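I have placed the structure first, in the form of C-alpha cells, so that the comments after it can refer back to it.
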Amino acid sequence: MAVKKMKINRKIKFLIIGIASVAAVVVILIWVRKIVSSKNASNLTYMIKTETLQNVISVSGVVSAAQEQTLQALSDGTVTNVYVKQGDEVKKGKVLIQLDDTTQQYNLAKHDYDMETVRINGSRRELALKQTERKSLVQKIAERKVIATFDGIIADIDVAVGDSLEAKDSVGTIVDISYLTADVEVAETDVSKLKIGQQVELKFPSYDGIVMGKVIGWPAIGEVTSRGATVVKVKIQIDEYPASILPNFSFSGKIKISPDEDILLVERYAVGRENKKAFVVKVTGEKIDVEVVPYSSEYVKIVSGDVREGDVLLQQTTPKISGTRKNMGPKNGMPGVPAMGGRK
C-alpha cells in the first residue's frame with residue numbers, strides 16, 4: 001500500500017515539474033518575442049508623402065461651334081449662282097447662293113413704273129399704298145438669296161447651279177469657330193459650388209493634352225433627365241484649342257471648384273503623443289512637434305510642423321491588429337489610401 005502511494009506522489013511530482021517547465025518555456029518565449037518585437041519596431045520607418053487634393057466636378061459632353069447657320073432657301077426656285085465652296089471664309093452679309101429672281105425683278109420694275117404714274121396723277125393715299133407694296137416686292141427679291149448671318153467658315157455645301165430648291169431646303173452649313181462651347185450636366189447638389197469664370201480642364205480623344213475652358217453661365221431652372229436625376233445644363237466656353245479639335249468632338253473633364261491643394265501624409269504609426277501633443281521622430285533622432293488630423297484608417301494629414309515630403313520617421317506606435325499593412329501610402333507611390341478624387 002505504501003509503495004503504491006509513493007508511486008502516485010512521484011507521478012504528481014513529475015506532473016507539477018512538467019507544468020512548471022511548460023510555463024517557464026511560455027514565459028521565456030513571450031519575453032523573447034517582446035525583445036524581438038521591440039527590436040523590429042525600432043527599425044520600422046515611414047516616409048512622408050505628398051498627395052494632391054482636387055475639389056472638382058466631373059463632366060463630359062461634345063463641343064459645338066460658337067455659332068452655326070444652316071443654309072436654307074427661303075422660297076422655291078432654281079439656283080443661278082453659287083458663290084462659295086467648302087472651307088471658304090465669309091463675312092456677315094455676303095451672298096452665298098442666288099436663286100432665279102427674274103420674275104421678282106420684273107414685278108418690282110413694273111411696280112416702280114406704275115408708282116411714278118401715281119406720283120404724277122394719283123393721290124397721296126395711292127402713293128403711300130404703292131410705297132408699302134414696294135417694300136413687299138423688295139423683300140421677295142431678298143428671299144431669292146442665301147446670305148451669311150455672321151463671319152464664319154463654310155463647313156459644308158451641297159448645291160450647284162441649275163438645282164431646283166424648295167423653301168426650307170437645307171444645302172449647307174456655315175460655322176463660327178472663333179471659340180467653342182459645350183453644355184454639360186451638373187447635378188443639383190453641385191450647382192451651389194459653381195461660379196462664373198471657373199476653369200475647366202478638358203481631355204479629347206483626338207488630342208494628347210489638356211484643353212482649358214471656363215464656365216460662362218447656367219440657366220435659372222433645372223431639368224430632369226431620362227435617368228430621373230435633376231441636373232442643370234452648364235455652358236462652357238473654350239477660347240483657345242488645337243486645330244485637331246472640331247465641333248461635335250467628345251470630351252471628358254472637370255470643373256475646378258478651387259485650386260489644387262498639396263497635403264502631407266504619413267502612416268499614423270509614425271506619430272506619437274506626449275502630454276496630449278503629437279510628435280514625430282526623424283531617423284536622425286530629432287523630435288518634432290506636429291499637428292495632425294485623421295485622413296483614413298491608416299494615415300494622418302500633417303497640418304503643421306517642421307517636416308516635409310521625403311522625411312523618414314521612426315515608428316512610435318504599433319498596429320493593434322496583426323497583419324496590418326505598413327509602408328503604404330497615397331496614390332502618388334503609396335498604394336492603400338483611397339484616391340483623392342474630386343467631390344461631385
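Keep in mind the model is a prediction, meaning the values are calculated, not measured.
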Qualifying ring pair (Phe, Tyr, Trp, His ring centres under 6.0 Å) pairs with a residue from residues 109-157, counting only residues at least two apart or across chains: none
Whether over 12 other heavy atoms sit under 6.0 Å from Lys140 NZ: no
Distance-only donor-acceptor pairs under 3.5 Å for side chains of residues 234-243, two or more places apart:
from	atom 1	to	atom 2	distance (Å)
Lys235	NZ	Asp183	OD1	3.0
Gln237	NE2	Asp239	OD1	2.6
Asp239	OD2	Lys214	NZ	3.3
Tyr241	OH	Ile177	O	2.6

Output yes when Asp311 and Arg308 qualify as a salt bridge under the 4.0 Å nitrogen-oxygen rule, no when they do not. no
Nearest-0.5 Å distance, CG of residue Leu99 to OG1 of residue Thr78: 8.0 Å
Taking Ser136 for the side chain and Thr132 for the main chain, is one N or O donor matched with an acceptor at less than 3.5 Å? no
Report the C-alpha separation of Glu188 and Val232 in whole Å, then their side-chain angles, then the decisive distance to 0.1 Å, and conclude whether the side chain to side chain contact (heavy atoms under 4.5 Å, CB included) test is met. CA-CA 6 Å; Glu188 58 182 325; Val232 168; 5.8 Å; no
List for me each residue that meets side chain to side chain donor-acceptor pair (under 3.5 Å) alongside Glu291, sequence neighbours excluded, and say none if there are none. Ser304
What pairs with Gln198 under side chain to side chain contact (heavy atoms under 4.5 Å, CB included), at least two apart in sequence or on another chain? Leu194, Lys195, Val215, Ile255, Ile257
By side chain to side chain donor-acceptor pair (under 3.5 Å), which residues pair with Ser170, not counting sequence neighbours? Gln72
Test: salt bridge (Lys or Arg N to Asp or Glu O under 4.0 Å). Region: residues 97-124. Which pairs qualify, not counting sequence neighbours? Lys110-Asp114, Asp112-Arg134, Glu116-Arg119
Evaluate whether atom CD of Gln105 has more than 12 neighbouring non-hydrogen atoms of other residues, nucleotides or ligands under 6.0 angstrom away. yes
Drop me the distance from Lys203's NZ to Ser250's OG, to the nearest 0.5 angstrom. 14.0 Å
Got a donor-acceptor contact below 3.5 angstrom from the Thr80 side chain to the Gln98 backbone? yes
Closer than 3.5 angstrom, by distance alone: can the side chain of Gln54 be matched with the main-chain N or O of Lys256 as a donor-acceptor pair? no
